[in-house]
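Step one of this worksheet: look at the structure below.
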There are 2 protein chains.
Amino acid sequence: MIKLMLVDDHAVLRDGLKNILDMETDIEVVAEAVNGNDAIAKVKDEQPDVILMDINIPEKNGIEATSIIKQLYPSVKILMLTMYDHDEYFMSAIREGADGYLLKDAPSQQVVDAIRAVAGGQSVIHPTMTKKFLAFQQPKAAEPVEEKVEGALTGREKEVLLCLVKGMNNKEIAGSLYISDKTVKIHVSNIFKKLGVKSRSQVVIYAVQNQLVPLT
Amino acid sequence: MIKLMLVDDHAVLRDGLKNILDMETDIEVVAEAVNGNDAIAKVKDEQPDVILMDINIPEKNGIEATSIIKQLYPSVKILMLTMYDHDEYFMSAIREGADGYLLKDAPSQQVVDAIRAVAGGQSVIHPTMTKKFLAFQQPKAAEPVEEKVEGALTGREKEVLLCLVKGMNNKEIAGSLYISDKTVKIHVSNIFKKLGVKSRSQVVIYAVQNQLVPLT
DNA sequence: TTGATTTTACTACAAAGGTACTAGTGTAGA
DNA sequence: TCTACACTAGTACCTTTGTAGTAAAATCAA
């Protein structure tokens, strides 16, 4: 059974959601709050699993409340359900630890599914926000310059590049690729020429800036 | 009516999907392809609205095929449906223009919903991937470890660090800070010890990963 | 097959990087 | 004042890095 808390200053919306959720046998509304401070207080008493949180509420908005609740009770899942698809709201909510971000125009079923998903430890984003998120993360697309430069690297050189951005020295690269360290030097020198840099540090910077390789 | 193309080298999976999609009145499977090149060719002939693409297919994998198709026909929506939740696959798919990324363990209904969503211009990500996405974008919060490490660097060391992540060599740093290159060496060595790395390349990687310094 | 490219590897050398130690100066705080 | 630390700079030494030039085997496209 998923214990849910609703946080919204509009009784109509809370009641509507309760009606919808009443039909779900695995979700129980254990608490309701009408503002940020109210929500923070009731988390302690009611220990909900998931909080459905509006952003535009009095006495600490939903994002501030999320931040505080997440600090006090990190295991509580918080799903933002709001009218606004503003980027700043979205990013702030995510930054403060929200587990999901839905817009109020989402169909009821989607809200129900999202509650189950965050209760199960997953994160959910409204498709419209996902789009923005992707757009935000997608500043690459077709950039002929880097394409050309990266394309100029041979297969082996790309492998060496991967090692370089891991901070490996020539000997380590040689061991990793089963070739001599003299050969590694050749590849490294060629990479330098092709990328137009003068040291391995600069290779790392170039690769990161041009997203030639994944980090982390 | 949404015109759909299936790309997967496993007939069983294609047939299973077709069965499921047959029950949806607004989706029609107009083409099937068994590998990357096949898919690229059939897009031209069949002009699908949405492509359901597996990653692990022969003759150009799904990501490469996505990249090419998106370049030729930017309006075609591509939904990756794959067994792998590897970060690199996911990020690559997104980078190459995929409109969605679902895992094959997603319930059928979710796949159907996702097809409609991308056909409508939205983007969809499997909740598990969303989680990773958020985690990727969420390195803020309170991280005492890095704070401590960064705090351990003296003022001068931080200045040297800034130079290091610009790819400067010792002489350049010395000239920039109006000190001897011997002194620079001292600072660099101290930075290495404090950050626990062994070369300037690793300093750059460390700084990027821990966001000690701005890039771009 | 021919020719171009890739990958491999060597020698030799110059430059840069990195460590260890000593040591003087200045500054901030107990 | 005394201590701790930061900053500076040097010497010495060794390692790593990077370049140049040569060259052979493998691969691949024309």
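So that the names make sense, note that chain A is the first sequence line, chain B the second, and so on, each numbered from 1.
Atom P of nucleotide C/dT27 and atom CZ of B/Arg156 are separated by 14 Å, given to the nearest angstrom. Nucleotide C/dA16 holds its P atom 10 Å from the CG atom of B/Asp181, rounded to whole Å. For the pair B/Leu153 CG and D/dC5 C1', the interatomic distance rounds to 15 Å; values are reported in whole Å. Atom NZ of B/Lys198 is separated from atom P of C/dA16 by 23 Å (rounded to the nearest Å). In this structure, the CG atom of B/Leu195 is 13 Å from the P atom of C/dG18, given to the nearest Å. Rounded to whole Å, the distance from CD1 on B/Ile191 to C1' on D/dA6 is 13 Å. In this structure, the OH atom of A/Tyr178 is 14 Å from the P atom of C/dT8, given to the nearest Å. Here the P atom of nucleotide D/dA9 and the CG atom of B/Asn190 are 15 Å apart, to the nearest Å.
Remark: the backbone N or O of A/Arg200 is not paired with any side-chain donor or acceptor of B/Arg200 at under 3.5 angstrom.
Counting only heavy atoms from C-beta on, A/Lys182 has its side chain closest to C/dT11 among C/dT11, D/dT17, D/dG21. When the nucleotides C/dC21, D/dG18, D/dT16 are ranked by their closest atom to the side chain of A/Lys171, D/dT16 comes out on top. Nearest nucleotide to the B/Asn170 side chain, out of D/dT8, C/dT8, C/dG17: C/dG17. Ranking D/dC7, C/dC10, D/dA9 by closeness to the B/Thr154 side chain, first place goes to D/dC7.
Residues meeting the salt bridge (Lys or Arg N to Asp or Glu O under 4.0 Å) test with A/Glu64, sequence neighbours left out: none.
A/Arg200 has no side-chain polar atom (N or O) that falls below the 4.0 Å cut-off from OP1 or OP2 of D/dT16. Side-chain nitrogen and oxygen atoms of B/Ser189 include at least one within less than 4.0 Å of the OP1 or OP2 phosphate oxygen of C/dT19. Here A/Ser180 reaches the OP1 or OP2 of C/dC10: one of its side-chain N or O atoms lies under 4.0 Å away.
Residue whose closest nucleotide on DNA chain D sits further toward the 5' end, between B/His187 and A/Phe192: B/His187. Residue-to-nucleotide proximity on DNA chain D shows that, of B/Ile179 and B/Lys185, the 5′-proximal contact is made by B/Ile179.
Electrostatic pairing of B/Asp99 and B/Lys70 counts as a salt bridge here, judged by a charged N lying under 4.0 Å from a carboxylate O. Using a cut-off of 4.0 Å between Lys/Arg side-chain N and Asp/Glu carboxylate O, B/Glu32 and B/Lys18 are scored as salt-bridged.
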Worked check of side-chain contact (heavy atoms from CB on, under 4.5 Å) between B/Gln47 and B/Lys3: CA-CA 8 Å; B/Gln47 301 275 325; B/Lys3 288 190 289 181; 4.3 Å; yes
